[in-house]
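Note that the numbering runs from 1 along the sequence shown for the chain. All figures in this text were calculated on a predicted structure; none of them were measured in a lab. Only this structure's heavy atoms are used, side chains among them; waters, hydrogens and symmetry mates stay out.
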Amino acid sequence: MEIKYKFVTGEEIYIPVYGDFEKIILELDRNLYNNNRRETRRHISLSELSEDKQNFVNNYINSEEYILNKISRKTLYKAIAQLRPDKQKLLHSLYLSRNPMTQKQYADALGVTENAIQLRLSKAKKKLKRIMSSNF
C-alpha cells in the first residue's frame with residue numbers, strides 16, 4: 001500500500017507502507033469514515049446548511065428578479081407598441097433582438113450616419129420614458 005502526500009506546492013509524494021502500519025492506517029481511515037457517517041446521518045452539518053441557505057436565498061432572489069423582469073418587460077413592450085413603427089424597429093434592432101446590432105451597423109443598413117441613429121435613439125428613449133411615466 002502507498003500513502004499519497006500532497007503538499008501546498010502541488011508536489012506529491014508516495015510512501016510505501018507495509019505490515020502492521022498498513023493495517024493501522026486502513027483501520028484509521030475506516031474509523032474516520034464511520035465517524036463521519038455516524039455524525040452526518042442524524043443531522044446536517046453546518047457547512048452544508050449554510051450552502052443550502054445560500055442556494056435558497058439565491059433562488060429566491062432569482063425568482064423575484066425573474067418576476068419583476070417579466071412585469072417590467074410586459075410594460076416596456078406595451079410602451080414600445082405605442083411608438084411609431086420606425087422607432088419600434090430601432091429599439092428592437094439595437095436592444096431587443098436575439099442578435100442586437102450596433103449603432104454603426106444599423107446606420108450602415110439604413111445608409112445614414114451614426115450620429116443620426118444616436119439622435120433618433122435619444123428621441124425614441126425620451127418618448128418611451130414619457131409614455132411609461134404617464135401610462136404606467
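Nearest approach of M132 to A79, heavy atoms of both residues: CG-CB, 3.4 Å. Y95 approaches P100 most closely through the heavy-atom pair N-CB, 4.4 Å. Minimum interatomic distance between L96 and Y77 (heavy atoms only, all atoms of both residues): CD1-CE2, 3.6 Å. Here the closest heavy-atom approach between residue I131 and residue S134 is recorded as O-OG, 3.2 Å.
In the displayed structure, K127 atom NZ is contacted under 6.0 Å by at most 12 heavy atoms of other residues, nucleotides or ligands. Under a cut-off of 6.0 angstrom, the local environment of CG in D20 is sparse, with at most 12 non-hydrogen atoms contributed by other residues, nucleotides or ligands.
Separating the CG atom in L32 from the CD atom in E27 is a distance of 12.5 Å, to the nearest 0.5 Å. A distance of 5.0 Å separates CD of E11 from OG1 of T9, quoted to the nearest 0.5 Å. Atom CD1 of I24 and atom CG of N31 lie 12.0 Å apart (nearest 0.5 Å). Atom CD of residue E114 and atom CD of residue Q105 lie 10.0 Å apart, to the nearest 0.5 angstrom. Atom-to-atom distance recorded for R120:CZ and K89:NZ is 11.0 Å, nearest 0.5 angstrom.
Looking at heavy atoms from C-beta onward, L90 lies in side-chain contact with I117 at the 4.5 angstrom threshold. The side-chain heavy atoms of R130 and K126, taken from C-beta on, include a pair separated by under 4.5 Å.
A donor-acceptor contact shorter than 3.5 Å links the side chain of Q88 to the backbone of I80.
Put simply, V112 and M101 are part of the same group of oily side chains (I, L, V, M, F, W, Y) that touch within less than 4.5 Å, one to the next.
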